[in-house]
Number of protein chains: 2
Amino acid sequence: MSSGLIADLQPVEAASALVRKLGALCLMSEEEIAFMEGLQNNVLEAEKGQDFIEDGADFRTTFVVLNGWAIRYCLLPSGRRQILSYALPGDILGLHVNFRAKATYSAAALTRVRLAAVDPRRMLEISQKYPILAAGLSWCTAREFAILGDQAVRLGRLGAQQRLAHLLLELWHRLELIGKNEGDLLDMPMTQTDLADTLGLSLVHINRSLMGLRKKGLVTLHRDSIRLNNIDALSAMAEFNPEHLAEFSI
Amino acid sequence: MSSGLIADLQPVEAASALVRKLGALCLMSEEEIAFMEGLQNNVLEAEKGQDFIEDGADFRTTFVVLNGWAIRYCLLPSGRRQILSYALPGDILGLHVNFRAKATYSAAALTRVRLAAVDPRRMLEISQKYPILAAGLSWCTAREFAILGDQAVRLGRLGAQQRLAHLLLELWHRLELIGKNEGDLLDMPMTQTDLADTLGLSLVHINRSLMGLRKKGLVTLHRDSIRLNNIDALSAMAEFNPEHLAEFSI
DNA sequence: CGGCCAATTGATTAAACTCAATCTGCGTGG
DNA sequence: CCACGCAGATTGAGTTTAATCAATTGGCCG
């Protein structure tokens, strides 16, 4: 990934996940980096399980995930829940809240989460002052669409084991970009109930599908993580297309 | 919807669907309207069935649908197809193509379609020159996310008849905003195979689910259209939330 | 040591898929 | 004008996948 000489010389360990993510895409000036870091000064914390965006409620704040995981989800009148996507460090929730006064989804902390609350008008400011950053945010938007599109593909056209493998691969690739994987070991803060509500399956069936992947030797289950033993085989069986998350463009 | 006195006095029949859509959201100046109309001067036509965006291919053009319907879809290696969303007149495809050089989905004409091809740099120009329009486009983006989120809800957590009813209601509300419905009669240019690939079901099951809705008296089927006999009952049974497509904000 | 949340397992039911025909409306060529 | 062909819609029958109901187990924290 970031094996350019110059990149290796820069001290990046202090950068926020968002700046790291954008930095993987384009070369930012010191001023641009400083502006993006400055955006993330207003820090909130959400406890595990706590909602911080509510479907139908007024919604006039943009959030940047600093660390921890969150979920975007919808609750139906019947009580069923559909998780739409996972928000990982560096992800932005509510980048496009301007006119629409009401949220169209809820968001909750999956782990304890640190969030930066940003006035959406400052995001508009970016478009005017920092064209490179604006293009970077536009790329983030396109990527979110691709991720949600892949979620629809999983739900609509994959079998249970495929859905699981496909989701695991998506999360692995996304965490890889922000440097949060340890080799093929994937952090798994979500419960099997969460997986069921993500993949449109029942809890029981998720459990059996996980067992199926384990018995095939494709994954090894641990307490709060999962090892992807054969990423190529998993990608093939899940019909996973990593280009949708392409980490390099230009 | 648009029952303001001033709006009623304006001659809007010549406006493009995109301008009508944005006009339902915010009051645009003559200059802004002229700019948006000017954007759509480079017109292409796609025949029914013709692809005009291909997953994985270079993608550096933004398209505005002028009339007709298109689909966004993904093809899997197994040959299965998942339709992600329908693009109706006034919808924008590839608003966020800037950095990402490759498309993450394909798009095809569902009917004969007239498209405006726009240089994405002109979209960036909007952010700098026309803040109202920029906010309007941002709203379009948020709406696209809500539509795709609803698609995930359908696929993940609704039964077959619910999925159908939910999709019909979405399309009806979206067409209503651009003034393309005749009462409760909904245009239906897609085949049952298309519906199957949209809703993650088999062709046979789509047919039986449509029959089910018909037998309940909720819809009346015609050749190329469908009548929604009881929108309230349909909304209730499909757990449909029209607020996700909210036609008025501010 | 309980109590609780999450994971696991078994047994049965229900939803949706597949395979295989058949039917229908419509355009085309004879 | 009609037979033919084709795409799309419809129906039947049997199979598969996943849901539901119902316990049971395992770990962890107070």
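Everything numeric in this text was worked out from a predicted model, so none of it was measured. Note on naming: letters A, B, ... go to the chains in the order of the sequence lines (proteins, then strands), and numbering restarts at 1 for each one.
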Side chain of [X] (C-beta onward), nearest among [options]:
| X | options | answer |
| --- | --- | --- |
| A/Val204 | C/dA20, D/dA18, D/dT20 | D/dT20 |
| B/Thr191 | D/dA9, D/dA18, C/dT18 | D/dA9 |
| A/Arg208 | C/dA16, C/dT9, D/dA13 | C/dT9 |
| B/Gln192 | D/dA18, C/dA20, D/dA9 | D/dA9 |
| B/Ser202 | C/dG10, D/dA9, C/dC17 | C/dC17 |

- Could you verify whether a donor N or O on one side chain and an acceptor N or O on the other, from B/Thr191 and B/Asp194, lie under 3.5 Å apart? yes

In whole angstroms, how far is the [atom2] atom of [N] from the [atom1] atom of [X]?
| X | N | atom1 | atom2 | result |
| --- | --- | --- | --- | --- |
| B/Leu158 | C/dA15 | CG | P | 15 Å |
| A/Leu203 | D/dA18 | CG | P | 15 Å |
| B/Asp224 | D/dG8 | CG | P | 12 Å |
| A/Arg163 | D/dT17 | CZ | C1' | 10 Å |
| A/Met211 | D/dG26 | CE | C1' | 12 Å |
| B/His205 | D/dT10 | NE2 | P | 15 Å |
| A/Ile206 | D/dA18 | CD1 | P | 10 Å |
| A/Asn207 | C/dC5 | CG | C1' | 14 Å |

- Query: Within a radius of less than 6.0 Å around CD of A/Gln40, do more than 12 heavy atoms belonging to other residues, nucleotides or ligands occur?
  - Reply: yes

Do [X] and [Y] sit within salt-bridge range, that is, some charged N less than 4.0 Å from a carboxylate O?
| X | Y | value |
| --- | --- | --- |
| B/Asp55 | B/Lys102 | no |
| B/Arg154 | B/Glu170 | yes |
| B/Asp197 | B/Arg80 | no |

- Query: Across the strands shown, which category fits A/Leu210 at heavy-atom distances under 4.0 angstrom: base, sugar-phosphate, nothing?
  - Reply: nothing

- Phosphate OP1/OP2 of D/dC28: any A/Arg223 side-chain N/O under 4.0 Å: yes

